[in-house]
Amino acid sequence: MIVKKYSIGEVAEMCSVSIKTLRYYDQIGLVIPEYRNEESKYRYYSKQQMIKLFIIRQLRKLGFAVKEIKELLENLNVEEMEEAVNNRLEAIDSEIKELELRRAIGENLRERLKMGGDILSRADGIFSDAYMDAMDNIQLEKIEEGTLYFSREIMKNYCNSDVSLPQWISITDKCIEQGLIRTSPIIVTYYAQPLEQFLMKDTDVEFGVLVDGEREGKEFRKFGGFDAVTKIHVGKYSDAVNSHISMMQWINQNGYELAGPISEEFIVSPVDIDNEDEHITKIIMPVKKK
């Protein structure tokens, strides 16, 4: 009986494996050509080895490392193969979850940048001090209720013109660690009297982000579900005090009073864009009629 032998070129074409890869498999002892022509020194593969190459190709597509495949094929049986594939599928599920989380982070950033671009384009990208402080940039709106993931602490000699980078990084990293999908920018809430956060005083400050779904635990609370006077502050955050003052004036002039702590939503923040002229902060003051 004549045994069919396959050259490296034939195997590469039939099994959709590069010649370079086949030579590497030979070098590490994963698939060594079964036949050798002593005169030409050419090596040839058997049909059984081509089947083995198909198995290897299938496992590689599942993400198995070459070393893992070599160990698996040394004692190949249905039970061990099933266990290995199950473990790999669990790893793939974890990778999918990580990719979904990365995509959600990217979508959140993209939406904020788009929102910021839309705001900037209303004035052809040029916002004067007069516009930023104008009363017509203040409005009354209903803040939709959501679930806030937060941390809260007393900040010593707090100056809100400085970005609290460690807190921002911490809240972002914890969301990733817990697999939480962010649905908002960073929201900073001041449990203090109006304007106290500008006075370099010890201040009770909360850092948080809205996340998807209903959540329970001490690090979650409801945010929103109230009426608020809001204002979009564009430009240097150190000038935000002027926006706060104009909002307080509007509240007094229109028969309202504060009904909760003041929050700031950083639509485009210093950790997103370097250009201070393009920083965009939404100030939120919960109110009720006097």
For this session: Over 60° means perpendicular and under 30° means parallel, so classify the ring planes of Y190 and Y158, tilted if in between.
Result: tilted

Problem set entry | Pairing of D26 and R43 as salt bridge, 4.0 angstrom limit | yes

Exercise. If you measure from the Lys or Arg side-chain nitrogens to the Asp or Glu carboxylate oxygens, is any gap between K201 and E196 under 4.0 Å?
Worked result: yes

Problem set entry | Residue pairs passing the side chain to side chain donor-acceptor pair (under 3.5 Å) test where at least one lies in residues 172-181, sequence neighbours excluded | Y149-Q178

For this session: Quick one: which residue pairs count as a side chain to side chain donor-acceptor pair (under 3.5 Å) with a foot in residues 88-99, not counting sequence neighbours?
Result: R88-E95, E98-R102

Taking the side chain as everything from C-beta on, heavy atoms only, tell me whether [X] gets closer than 4.5 Å to [Y].
{"X": "Q249", "Y": "I245", "answer": "yes"}
{"X": "E153", "Y": "E206", "answer": "no"}
{"X": "I55", "Y": "L73", "answer": "yes"}

Tell me whether [X] forms a cation-pi arrangement with [Y], defined as NZ or CZ under 6.0 Å from the six-membered ring centre and within 45 degrees of its axis.
{"X": "R152", "Y": "Y191", "result": "yes"}
{"X": "K218", "Y": "F220", "result": "no"}
{"X": "K5", "Y": "Y45", "result": "no"}

Exercise. Partners of K156 by salt bridge (charged side-chain N to carboxylate O under 4.0 Å, His left out), sequence neighbours excluded?
Worked result: D202

For this session: Please list, chain by chain and in numerical order, all residues satisfying salt bridge (charged side-chain N to carboxylate O under 4.0 Å, His left out) with E265, sequence neighbours excluded.
Result: none

Seminar exercise, completed: Taken in chain and number order and not counting sequence neighbours, the residues that satisfy side chain to side chain contact (heavy atoms under 4.5 Å, CB included) with Q48 are S46, I51

To the nearest 0.5 Å, what is the distance between [atom1] ([X]) and [atom2] ([Y])?
{"X": "E74", "Y": "L30", "atom1": "CD", "atom2": "CG", "answer": "9.5 Å"}
{"X": "I138", "Y": "S243", "atom1": "CD1", "atom2": "OG", "answer": "8.0 Å"}
{"X": "I186", "Y": "E264", "atom1": "CD1", "atom2": "CD", "answer": "12.5 Å"}
{"X": "R60", "Y": "R57", "atom1": "CZ", "atom2": "CZ", "answer": "12.0 Å"}
{"X": "I69", "Y": "I56", "atom1": "CD1", "atom2": "CD1", "answer": "6.5 Å"}
{"X": "L210", "Y": "T183", "atom1": "CG", "atom2": "OG1", "answer": "4.5 Å"}

Problem set entry | Donor-acceptor pair between Q197 and T203 side chains, under 3.5 angstrom | no

Exercise. Do F266 and Y237 make the cut of ring centroids closer than 6.0 angstrom?
Worked result: yes

Exercise. Taking everything shown except E144 itself, do over 12 heavy atoms lie less than 6.0 Å from its CD?
Worked result: no

For this session: Could you walk me through whether I283 and I232 pass side chain to side chain contact (heavy atoms under 4.5 Å, CB included), step by step?
Result: CA-CA 6 Å; I283 304 168; I232 301 295; over 6 Å; no

Seminar exercise, completed: Applied to residues 106-117, the salt bridge (charged side-chain N to carboxylate O under 4.0 Å, His left out) test, sequence neighbours excluded, yields R103-E107, R112-D272, K114-D118

